[in-house]
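Below is one structure; the comments refer to it alone.
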Amino acid sequence: MSLQTDQAIKLSSGYRLQWEDAQQMFVLLYPEGLIELNQSSAEILQLCDAQHKLADIVQTLETKFSTTGLKNDIVSFLTIALDNGWINQSA
Amino acid sequence: MAGSIKAPSPPRWLLAELTYACPLQCPYCSNPLDYANIKDELSTNDWKRVLKQSRDMGAVQLGFSGGEPLVRKDLVELVDYSHGLGYYTNLITSGYNMDKEKIIALKNAGLDHIQISLQASSKELNDFIAGAESFEHKKHVAKLIKKNGYPMVLCVVLHRQNIHQMKEILEMAIELGADFVELANTQYYGWAQHNRDQLLPTHEQLQTAEAIANQYQASQKGKMKIYYVVPDYFEGRPKACMNGWGTTFLTIAPDGLALPCHSARQLPNFDCPNVNEHSISDIWNDSTAFNYFRGDRWMKEPCRSCPEKDKDFGGCHCQAFLLTGDASNADPVCDLSPLHHTVTDAIEQAGQVSQTVEQPLLFRNPKNSKQLKKSP
Ligand code: SF4
Ligand code: SF4
């Protein structure tokens, strides 16, 4: 399975992204698992909402942070996320 | 604690052991041997207070376990309340007594996930280990769990009597549509420790099983995630204790005892605080029990000067106590421990037992629990 550019990305079923006040960070929750996310990972995962494709995510974040050249970092994070089953692209 | 200014990291995982009652009798159960004498159970309101206080501190993963949590009449109410607090709620069940109505009621209450355990891949062995006819029903329940849209973890505890079924167990997991499979080699505490000679697998059994697990991990990639938990007895290095004592995990026993690890109540002269007397934040931040093995000040040699001490934190203190009589010793699973032979001897002894007469397994039930308490 590799990242498809023409399909929207979504969190896998059973996975939940949530802001934690006590820790002041986003966490990814799934059956018996918990991942504490740094800011950039959290920004990317928030856009994995079954609406955005890769290019949309890159563009949204580059606009949001008034920068360019984020694509490589985003692709490598999403590839890890896909490999770990946190996100998927099938309908 | 004098001299320490940094507050401990908050609890992230709360394990709510709702009850020690269980209709099954697994001889590897991690519950205390004398569980039948622990009768007091927290009330619904006590649990709500614990859930709220823990959530306020930062706990976000919540496991309802036991015993069998389905025995508690207020389970749906507690799930509903926890969901409202923002927990990710996991139910850890044997599936016994589960039915369609309950699965739906729990779903409506916001339950996020169900872990169901089977004892083996064949009816005969499953029912023998569980001490009750349950195999067909469990499989039926597993299908209902999937049908109702839950992610499902299928858990099978491995030991000498079922580890040869590895392949069949994994095929069964595929058939049942498990999202995750947890193949956990028995950890030797509680009842498992008592039955160790009958449960400890041989080295050859383990190697075969591990090879099969690896093979399925590769072929199921992207479909079903397989966790194979290697038994620490055969490893040479201990498992990291609970991600560090008092750093992440908080267990509350049925009677309200707060435990830094689920076997901590068997440590002698170790006063675990009770939620009936203290708030969760007092327990977590200030109690002697939770501070006891924090950091490395408690360590003796060989751990104290060991370059790996930040990796495994000296291993499991309960195991150190069980095998060496002192919880502050290095976990003897570590081959740097001067008492490592307590582990190799056990492996050898179990190997001999497996070749001679099988001693009967002692099943986990109230009668055996009470009798054990009486005998010295
Ligand atoms: S391990 Fe077996 S006996 Fe122990 S609580 Fe779980 S199902 Fe019950
Ligand atoms: S000596 Fe202690 S700290 Fe070092 S590896 Fe062994 S158990 Fe871990």
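Every chain is numbered from 1, with letters handed out A, B, ... down the list of sequences. Just so you know, these numbers use all the heavy atoms, side chains as well, and skip hydrogens, waters and symmetry mates.
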A:C48 vs A:L78, test: side chain to side chain contact (heavy atoms under 4.5 Å, CB included). Steps then yes/no. CA-CA 10 Å; A:C48 297; A:L78 287 174; 3.9 Å; yes
Decide if atom NZ of B:K52 counts as having more than 12 heavy atoms of other residues, nucleotides or ligands within a radius under 6.0 Å.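 Result for NZ/B:K52: open.
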Residues of residues 169-180 of chain B contacting chain A, heavy-atom criterion under 4.5 Å, by residue number: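 Within residues 169-180 of chain B, near chain A: B:F180.
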Below 4.5 Å from any heavy atom of chain A, which atoms of B:M152 appear? Answer side chain, backbone, both or neither.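 The answer is neither part of B:M152.
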Can you run down the side-chain hydrogen bond (donor to acceptor under 3.5 Å, both in side chains) pairs that involve residues 47-62 of chain A, sequence neighbours left out, and say none if there aren't any?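 Pairs touching residues 47-62 of chain A that pass the test: A:D49-A:H52.
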Starting at CD of B:Q115, measure out to OG of B:S94 and round the result to the nearest 0.5 Å.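 The CD atom of B:Q115 sits 11.0 Å away from the OG atom of B:S94.
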Find the distance between CD1 (B:I145) and NZ (B:K138) and round it off to the nearest 0.5 Å.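 Atom-to-atom, B:I145:CD1 and B:K138:NZ are 10.0 Å apart.
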Applying a criterion of heavy atom separation less than 4.5 Å, what residues of residues 21-43 of chain A form contacts with chain B?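 Within residues 21-43 of chain A, the residues that come under 4.5 Å of chain B (heavy atoms only) are A:A22, A:Q23, A:L29, A:Y30, A:P31, A:E32, A:G33, A:L34, A:E36.
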Stepwise side chain to side chain contact (heavy atoms under 4.5 Å, CB included) test for B:T93 and B:F64: CA-CA 8 Å; B:T93 177; B:F64 288 111; over 6 Å; no
Please determine, among B:L62, B:T89, B:I92, B:V60, the option with the most heavy-atom pairs under 4.5 Å with chain A.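 Counting heavy-atom pairs under 4.5 Å, the top option is B:V60.
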Run the side chain to side chain contact (heavy atoms under 4.5 Å, CB included) test on B:Q61 and B:L15 for me, step by step, so that the C-alpha distance in whole Å, both residues' side-chain angles and the decisive distance to 0.1 Å come before the verdict. CA-CA 8 Å; B:Q61 273 288 357; B:L15 188 67; over 6 Å; no
Among B:N90, B:L75, B:V79, which residue meets the side-chain contact (heavy atoms from CB on, under 4.5 Å) test with B:L111?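 Testing B:L111 for a side-chain contact (heavy atoms from CB on, under 4.5 Å) against B:N90, B:L75, B:V79 leaves exactly one candidate, B:V79.
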Ring centers of B:H113, B:Y150 separated by less than 6.0 Å: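 When the ring centroids of B:H113 and B:Y150 are compared, they turn out to be at least 6.0 Å apart.
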Could you go through residues 68-76 of chain A and list every donor-acceptor pair under 3.5 Å that involves a side-chain atom there, pairing it with any protein atom two or more places apart or in another chain?
residue: A:S76; atom: OG; partner: A:N72; partner atom: O; Å: 3.3
residue: A:S76; atom: OG; partner: A:D73; partner atom: O; Å: 3.1

